[in-house]
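Here's the structure, in structure tokens; my notes come after.
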Amino acid sequence: MKNATVSLVDISKKYGSFVAVEKINLTIQPGDFVTLLGPSGCGKSTTLRILGGFETPTTGQVFLGDDDVTNIPPNRRNVNMVFQDYALFPHMTCGRNIAFGLELKGKTKAETEARVDELLEFMQLTGFKDRKPEELSGGQRQRVALARALAPDPSVLLLDEPLGALDAKLRKQVQIELKSIQKRTGKTFIFVTHDQEEALTMSDRVLVMNKGRIEQAGSPKDLYSHPESRFVAEFIGETNMLECGVKGIDGKQVVLDWFGTELRGDCRKGSPTPGQKVGAVIRPENITCYSNKPESSLAFELNIDQRIFKGSSTTFEARSSKGQSLTITLDSIRADEIGTEKMWVVLKPEYLSILLN
Amino acid sequence: MTRHTRLIMQMVYWAFVLYLFIPLSLMVLMGFKDSKFIGFPIKSLTLHWYKVVIQDLELMSVFAYSFTIAISSTVLAIIIGTWAAMLLSQAKFKGKIIVFALITLPAVLPGIISAIALRIYSQTLGIEPGMTAVILGHTVHNVPFVTLVGMARLNSQPMSHVEAAQDLGADNVISFFRITLPYLTPALVGAGIFCMLTSFDDFVRSFFLGGYEPTLPVYIFSQLRTGMSPEINAISSVVLVITAVMGLAAERLMRRK
Amino acid sequence: MPPQEEYSTGSRSFWSWLATSKVYQSVSASLLGTKKRRLVLLAAVPIIWAIVANLGPLFKMLDISFYDAYPLSKGREATYTIAAWREFFVTPVYYIPFFRTLIFSGILTFATLVLVYPVAYFLARHVPKSRQMLFLLLVLIPFWVGEIIRTYAIMILLGNNGAINIALKFLGIIDRPIPFMYTSFSLGIGIVYLVSLYMLLPLYSALEKIPTNMNEAAADLGAGPWRRFWRITLPLSKDGIASGCVLVFLIATGFYATPVILGGPSSTMFAESIANTFNVAADRWPTGAAFSSIMLITTLTLAAVFLKIMGRRGKGYL
Ligand SMILES: Nc1ncnc2c1ncn2[C@@H]1O[C@H](COP(=O)(O)OP(=O)(O)O)[C@@H](O)[C@H]1O
Ligand SMILES: [Mg+2]
């Protein structure tokens, strides 16, 4: 089946007076690997289940291509889902599990068999056709679940934390596998996870959700380098959150005061006014360090509190007498050049994002 | 609790077991006694009464009659009880508690009242006392049990199994028959065996709803009114053994994970 | 709506055939098309059953209890009267067995509780978890055997030449058999024998749920074993006691065959009074219906009051 653009228009879902999902608008391009990322309870599953047809939104519409499918039940939606617990039918063999959706699509015996075999081979499960799910390992079950959902050739595949049940090592491996399966099939994958690293690794696009809303959408790189809210900045990756006051605007740059030190940065969302309290974020690895005072007018001196060696990188906890404190990550080779007591740092404007909320 | 009270409780347990088993054991023993007179002392043992029972054609037809009733009422109870269990565990609607109370009502009605009410009711519906009335009576009595067992099993079924089936194109009827029913089957077979036993053992409904043809308990009851006889012991012992075996099998099926 | 599927030809499995069948598609669409229709399909049979098969008989019974006669002879209309109900209150032969049944069942319920509580406690708290099922099955098996057969077994036990009398004679305690049979005693033994399971299971499941550390905590605070039992275990097993007692009481009041077989003239139960109105004279059904209604209302009211006193609300009656 051809991939279709998926759109959610003004989707909200209430359970009684509790709002699980609020005014979500989004469009997903065909063939994308899109991830809904957010803490537990933020409404990711609800959104996905609305897409799958398991929940009817309180307001709003769901479109698959040009069709409004808001009120179409799951069994008549051309969308398939991989469940967190895989939901393999325990009384059927893997082959029967995969054939389930094909039969209900009215495929003949020959067509069904051929497609089942094709998928088993694709998923490297040849030889497991006649096994029951309970006789498989976690990773194999996961692949059977994926094969079963792909079998009827849906226009979109939904995956609700499908790696949650795997142990850490297998998880890493399956992430890569899943990404490559997505590439090879060219299907639209909508993936749900609360693990930011997983989201960054696999996705073309990440939608960060918080309290039923989409906080920010963008490529992993975009989200990481240019978070637009404190929530996103703190949820994704390690970060330094600096509480600053706005001193003034200098062209495109905002001039900030951080405990008496002048900082400069970009504000991509909203327009700060002088005197306003704002947050400035910078990633630990984006801080430039020197052992001696550099030329820059933005440089300032810090005392090193802790130095944590992490193999290829080294992390510093540093603070100043004014009360400023920063976490800094350097390549271990670069870190060797820094003295034991003091360092000079520069927070380059291009790495500093200013957040109003 | 002290060691002392613990010991007392252990003794009470074993005394209770004896209380349960001694009467039945005596009954079995008397079935082998070489005399028409039930009671002690026992002089010698015989299989005579079992031969008499097996050759008793009337008794065999009573057995068959009871069996037919048990099977029919069980099938009906399973269908209705499963349906009710599906409703009570899968659907959301107002007044569920009331529906639950109504469906399980026969489980708490005193036996005689249930029997009398059904006797009156079948009369007003024009169902004469006889097999149909007994089957319906037993079904009424068994539906609550099947419902409760079915609900317990359904509550342990992951919601995602049904959702996955629907996701793959099954409507509610297909997902019931292909996913939910196989999941329920062991519990339903277990419940079914218990229903058969209950029906087979039931006296009060069979007595009031039955026609001239007696079920086994009604037959034994009528024999008892004319006095004890070793034949009754032999029949009862056979029933006892069958019951124990079937009950154990059902127990296994219902508790299987 | 998704576009109409194109099906290729070839042999199909049953489910594939069903999915492609036009008839099934339209039946499915019309019966299961909306949430409401699905609910109706799911609810119709159980609710109709509950009303027709469970409530119907009780209402009809209540209705008939106000008839002047039933079954009616051809062409005769029933007139409504309270004669059948009145009969109960003015006839000692009826209300004495009624109160006897209630009191007797109440006493037996209490006796069963006292007998079974230690058994349930032992099973739930002292038998290792892995062996509880085995110990439980041992006491379950006898309960699978029917009412009549177990009543008969009690007859053999208590008869003049029954095991107990023979044993007592053998021990030289008695010369002449004690006439246990056909008394309230034999009936009591028989009924307890029949109903104790319904006390055991609720008690067992309530006791099994009490965390062990509760008792240990209390012991740490210096509570002695009896105090611990009265203050902790007993209150926590209250739910089990309540449902066990209600079940046993309701079942005990409903026995018909057992009192007829084991009881005597001084222990006639109300069930027999009710049954007689059906057996002896065929036109006294309204009386039987009224008696049954009186018994039903009384027992259910007593059970509800008891549950209320025991503080069980909103948990259903099972
Ligand atoms: N059927 C329901 N009834 C009531 N509340 C629900 C229901 N389903 C989900 N919720 C609530 O909605 C919120 C979002 O849930 P969910 O989408 O499952 O979160 P997650 O992001 O962890 O997947 C949670 O707070 C959850 O408790
Ligand atoms: Mg979730």
Side-chain angles (χ1 to χ4, degrees), chain B residues 1-2 5-6 9-10 12-13 16-17 20-24 26-27 30 38-40 80 83-84 86-87 91 93 99-106 108 110-113 116-121 123-124 140 171-173 197 201 203-204 217 220-221 224 228 232 236 239-240 243-244 247 251, chain C residues 28 32 38-39 42-43 45-47 49-50 53-58 60-61 64 71 118-119 121-122 126 137-139 141-142 144-149 152-157 159 161-163 166 225 250-251 253-257 261 271 274 278 285 288-289 292 295-296 299 316-318:
Chain B
M1 290 268 144
T2 58
T5 50
R6 187 198 157 133
M9 276 189 295
Q10 189 159 7
V12 174
Y13 171 80
F16 185 66
V17 170
L20 296 181
F21 276 91
I22 285 179
L24 292 173
L26 287 174
M27 184 189 77
M30 293 292 170
I38 303 277
F40 288 94
I80 299 162
W83 208 316
M86 285 294 288
L87 173 70
F93 57 95
V99 175
F100 177 76
L102 281 184
I103 285 179
T104 50
L105 180 66
V108 293
I112 181 76
I113 294 172
I116 294 298
L118 285 165
R119 174 74 186 91
I120 294 172
Y121 196 54
Q123 180 79 24
T124 62
V140 168
D171 61 31
N172 302 63
V173 171
L197 289 182
D201 287 340
F203 171 77
V204 72
I220 296 176
F221 179 77
L224 277 183
M228 304 199 251
I232 302 178
S236 303
V239 174
L240 174 70
T243 304
E251 195 64 37
Chain C
S28 166
L32 306 167
R38 288 196 291 271
L39 184 61
L42 197 55
V45 167
I47 290 180
W49 174 263
N54 295 354
L55 273 189
L58 298 180
K60 202 68 213 173
M61 181 174 84
I64 299 272
V119 176
Y121 192 96
F122 175 73
H126 289 313
L137 273 180
L138 191 60
V139 296
I141 294 169
W144 297 334
V145 187
E147 175 190 349
I148 295 292
I149 292 180
Y152 179 53
I154 291 288
M155 258 175 108
I156 295 172
L157 181 76
N161 289 296
I166 296 294
L250 291 175
I251 293 168
T253 53
F255 280 123
Y256 167 66
I261 298 171
I274 295 175
F278 286 83
W285 285 32
S292 300
M295 187 163 166
L296 178 66
T299 50
Y317 43 71
L318 285 179

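Heavy atoms only: backbone and side chains are in, while hydrogens, waters and symmetry mates are out. Throughout, protein chains are lettered first and strands after them, A, B, ... in sequence-line order, and every chain is numbered starting at 1.
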(request) Would you mind telling me which of B:Ile80, B:Leu197, B:Val17 has the largest number of heavy-atom pairs within less than 4.5 Å of chain C? (result) B:Ile80
(message) Quick check: closest heavy atoms across C:Asn54 and B:Leu102, and the distance to 0.1 Å?
(response) ND2-O, 2.8 Å
(message) Working to the nearest 0.5 angstrom, can you tell me the gap between B:Asp201 CG and C:Ile148 CD1?
(response) 10.0 Å
(message) Is C:Thr299 close to chain B through its backbone or its side chain, or both, or neither, when contacts mean heavy atoms under 4.5 Å?
(response) side chain
(message) Please classify the contact between B:Phe93 and chain C as side chain, backbone, both or neither, with a heavy-atom cut-off of under 4.5 Å.
(response) side chain
(request) Grab the two heavy atoms, one from C:Ser292 and one from B:Ile113, that are nearest each other, plus how far apart they are. (result) O-CD1, 3.8 Å
(message) Looking at chain C, which one of B:Ile232, B:Val239, B:Thr124, B:Leu240 has the largest number of heavy-atom pairs inside 4.5 Å, strictly under?
(response) B:Thr124
(request) Just give me the residue among B:Val99, B:Asn172, B:Leu26 that pairs up with chain C most often, heavy atom to heavy atom, under 4.5 Å. (result) B:Asn172
(request) Identify which of C:Gly162, C:Ala289, C:Pro118 forms the greatest number of heavy-atom pairs closer than 4.5 Å to chain B. (result) C:Pro118
(request) Counting only heavy atoms closer than 4.5 Å, note whether C:Leu138 contacts chain B via side chain, backbone, both or neither. (result) both
(request) Apply side-chain hydrogen bond (donor to acceptor under 3.5 Å, both in side chains) to C:Tyr152 and list each qualifying residue two or more places apart in sequence or on a separate chain. (result) B:Asn233
(request) Determine the option with the most heavy-atom pairs under 4.5 angstrom with chain B, choosing from C:Ala53, C:Ala50, C:Ala257. (result) C:Ala257
(message) With rounding to the nearest 0.5 angstrom, report the OH to CG distance, B:Tyr121 to C:Leu55.
(response) 9.0 Å
(request) Could you tell me which portion of B:Met30 (side chain, backbone, both or neither) has an atom closer than 4.5 angstrom to a non-hydrogen atom of chain C? (result) side chain
(request) Please state whether the side chain, the backbone, both or neither of C:Ile141 comes within less than 4.5 Å of a heavy atom of chain B. (result) side chain
(message) I need the B:Met228 CE to C:Met155 CE distance, nearest 0.5 Å.
(response) 4.5 Å
(request) Check each atom of C:Leu296 against the heavy atoms of chain B and say whether the ones under 4.5 Å are side chain, backbone, both or neither. (result) both
(message) If you compare all heavy atoms of B:Pro110 against all heavy atoms of C:Gly254, which two are closest, and at what distance to 0.1 Å?
(response) CB-CA, 3.6 Å
(message) Is the ring pair C:Phe122/B:Tyr13 parallel, tilted or perpendicular, if the boundaries are 30 and 60 degrees?
(response) tilted
(request) Name the member of B:Val204, B:Ile22, B:Val173 that forms the most heavy-atom pairs with chain C at distances under 4.5 Å. (result) B:Val173
(message) Is C:Trp144 in contact with chain B via its backbone, its side chain, both, or neither, using a 4.5 Å heavy-atom distance?
(response) both
(request) Using the test ring-ring contact (aromatic ring centres under 6.0 Å, His included), find all partners of B:Trp83 that sit at least two apart in sequence or belong to another chain. (result) none
(message) Looking at every non-hydrogen atom in both residues, tell me the closest pair between B:Ile112 and C:Thr253 and how far apart they are.
(response) CG2-O, 4.3 Å
(request) Would you give the length of the straight line joining atom CD1 of B:Ile116 to atom OH of C:Tyr256, rounded to the nearest 0.5 angstrom? (result) 9.0 Å
(message) Working to the nearest 0.5 angstrom, can you tell me the gap between C:Met61 CE and B:Ile120 CD1?
(response) 6.5 Å
(message) Counting heavy-atom pairs closer than 4.5 Å to chain C, which one of B:Asp171, B:Ile220, B:Thr243 comes out on top?
(response) B:Asp171
(message) At a 4.5 Å cut-off on heavy atoms, which part of C:Ile261 comes close to chain B: side chain, backbone, both, or neither?
(response) side chain
